[in-house]
Amino acid sequence: MTQHTTEQLRAWDKRHVWHPFTQMQDWEQDDAIVITRGEGSWLIDSDGKRYLDGVASMWTNVHGHCRKELNDALKDQVERLEHSTLLGLASEQSIILAQRLAQITPRGLTRFFYSDNGSTAMEVAVKMAFQYQVHRGRPERTRFITFRNAYHGDTLGAVSVGGIDIYHATFKPLMFETIQAAAPYCYRCELGCEGPETCDMLCLGALENIIREEGSTCAGLVIEPLLQGAGGMIVQPPGFLRRVRELCDRYGLLMITDEVATGFGRTGKMFACEHEDVVPDIMALSKGIAAGYLPLAATVATEEVYGAFLGEYAELKTFFHGHTFTGNPLACAVALKSLELFETDRLLEALQPKIQYLAERLAQIADLPHVGNIRHCGMAAGIELVVDKKNRTPYPWEEKTGVKVCLEARKHGVFSRPLGNTVVVFPPLAISMEELKLLMDGLELAIQAVTEMRAV
Ligand SMILES: *Cc1c(COP(=O)(O)O)cnc(C)c1O
């Protein structure tokens with residue numbers, strides 16, 4: 001392979017690559033870091049400079065970059081079969097993966113519909129829930145209960161069930177309508193609560209009112225369990241998810257949980273739902289499923305959901321949906337090896353001291369003068385920066401305070417990407433304790449440099 005200089009790569013990048021969620025006018029003025037290699041928790045650029053991967057390469061990385069066992073599994077598979085379709089054929093790795101996953105997903109979730117990213121996993125979930133109701137003789141149940149601040153992906157169906165205005169407002173005319181409930185965003189509760197200790201989850205009461213009035217026209221409810229990720233790492237109060245499950249049961253709604261970000265260990269358990277002993281009717285998985293190596297997703301359904309689609313050919317109960325690279329053997333082979341590494345590395349157990357350490361560091365950071373709110377769930381955290389701590393006044397979004405903090409963190413060898421003015425902590429799960437310390441040092445120094453500089 002020919003080597004290109006950093007300058008050449010940057011020039012071509014500016015000329016030809018349209019980056020996601022990026023104002024390209026700004027992008028073209030800056031010199032991008034060009035990543036050419038990865039090693040454990042580190043990304044290495046074209047000049048050999050190393051950055052700690054503080055966001056696990058968009059929340060996907062589990063066992064580190066270029067982990068030998070995963071690389072070998074991929075090489076081994078590519079020598080045998082790179083791809084064959086699931087339309088009309090079965091394929092070895094997709095079969096074994098579904099069988100293995102069925103042993104670890106919450107009890108009763110046994111039917112795996114593969115696709116290749118989080119958005120498609122959610123499109124599938126929404127269409128599946130809708131069609132399920134039709135087959136069960138409830139065609140009037142056409143709508144969905146969703147949450148403000150929710151993020152389920154960027155395709156139109158996923159956008160429709162999402163609730164982040166800055167991403168979604170432009171596309172409103174293209175979206176289907178949903179019924180949006182208040183998110184349990186306790187720091188900025190729209191119902192005026194001071195915090196989960198005092199309110200007894202008023203938002204749940206509001207949700208129940210909505211479901212009581214509108215539920216009979218709804219196919220299901222869509223929720224990111226425990227943690228609204230892209231909405232700003234917003235952590236739900238304990239008990240919230242379980243009570244949402246109870247409401248879904250009471251009013252006959254399918255519960256769709258989007259574990260695209262939380263699945264595969266991020267919250268400290270394999271799946272977020274386990275913290276609340278909740279079994280959804282449909283669950284979406286992606287990001288960590290193939291350890292950050294390849295695009296893969298699965299929408300997992302119960303036997304009850306699956307069973308509704310069975311019938312004579314002419315009844316047209318078939319689920320008419322599918323993607324070209326469904327069940328890709330390379331991705332499935334890596335996913336299988338990743339599950340094995342969870343076992344051999346005892347990864348979930350190894351997370352506990354790291355989660356504990358993260359909590360301690362976050363508690364210190366909470367004392368900084370412009371840190372308004374800390375939200376922590378397992379190996380994910382959000383640090384919300386504010387102009388004024390007492391009044392919880394946000395930084396004007398145009399000031400890009402979160403972005404400035406992340407740029408500053410690069411000076412300390414840390415790569416991070418914020419959510420508005422919330423600084424994100426979301427490292428590869430296999431990060432070492434020393435690396436986690438480096439990450440938190442870098443972020444803390446950067447927050448101080450940017451916010452305390454502005455104050456004077
Ligand atoms: C990232 C994400 C998605 C979308 O996944 P893509 O692979 O980017 O399409 C959906 N839901 C949640 C909770 C996510 O974090």
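Atoms within a ligand are numbered from 1 in the order they appear, just like the ligands themselves. Because the structure is predicted, anything quoted here is derived from the model rather than measured.
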Query raised in the report: Yes or no on side chain to side chain donor-acceptor pair (under 3.5 Å) for Ser57 and Asn61, after CA distance, side-chain angles and deciding distance?
Result: CA-CA 6 Å; Ser57 291; Asn61 196 283; 5.6 Å; no

Requested in this report: Quick one: sort the Phe144 and Phe176 rings into parallel, tilted or perpendicular, breaks at 30° and 60°.
Outcome: tilted

Query raised in the report: Distance only, no hydrogens: is a donor on one side chain within 3.5 Å (strictly under) of an acceptor on the other, for Asp258 and His152?
Result: yes

Query - First-shell residues of ligand 1 [heavy atom, distance under 4.0 Å] - result: Trp59, Asn117, Gly118, Ser119, Tyr151, His152, Gly153, Glu224, Asp258, Val260, Ala261, Lys287

Query raised in the report: In terms of side-chain heavy atoms, does Gln228 have a donor or acceptor partner in Tyr185 at a distance below 3.5 Å?
Result: no

Requested in this report: Start with the C-alpha distance between Thr110 and Glu303, add both sets of side-chain angles, then the distance that settles side chain to side chain donor-acceptor pair (under 3.5 Å), and finish with yes or no.
Outcome: CA-CA 7 Å; Thr110 45; Glu303 292 297 319; 2.7 Å; yes

Report summary line: Hits for side-chain hydrogen bond (donor to acceptor under 3.5 Å, both in side chains) against Arg250, two or more places apart or cross-chain, chain-then-number order -> Glu208

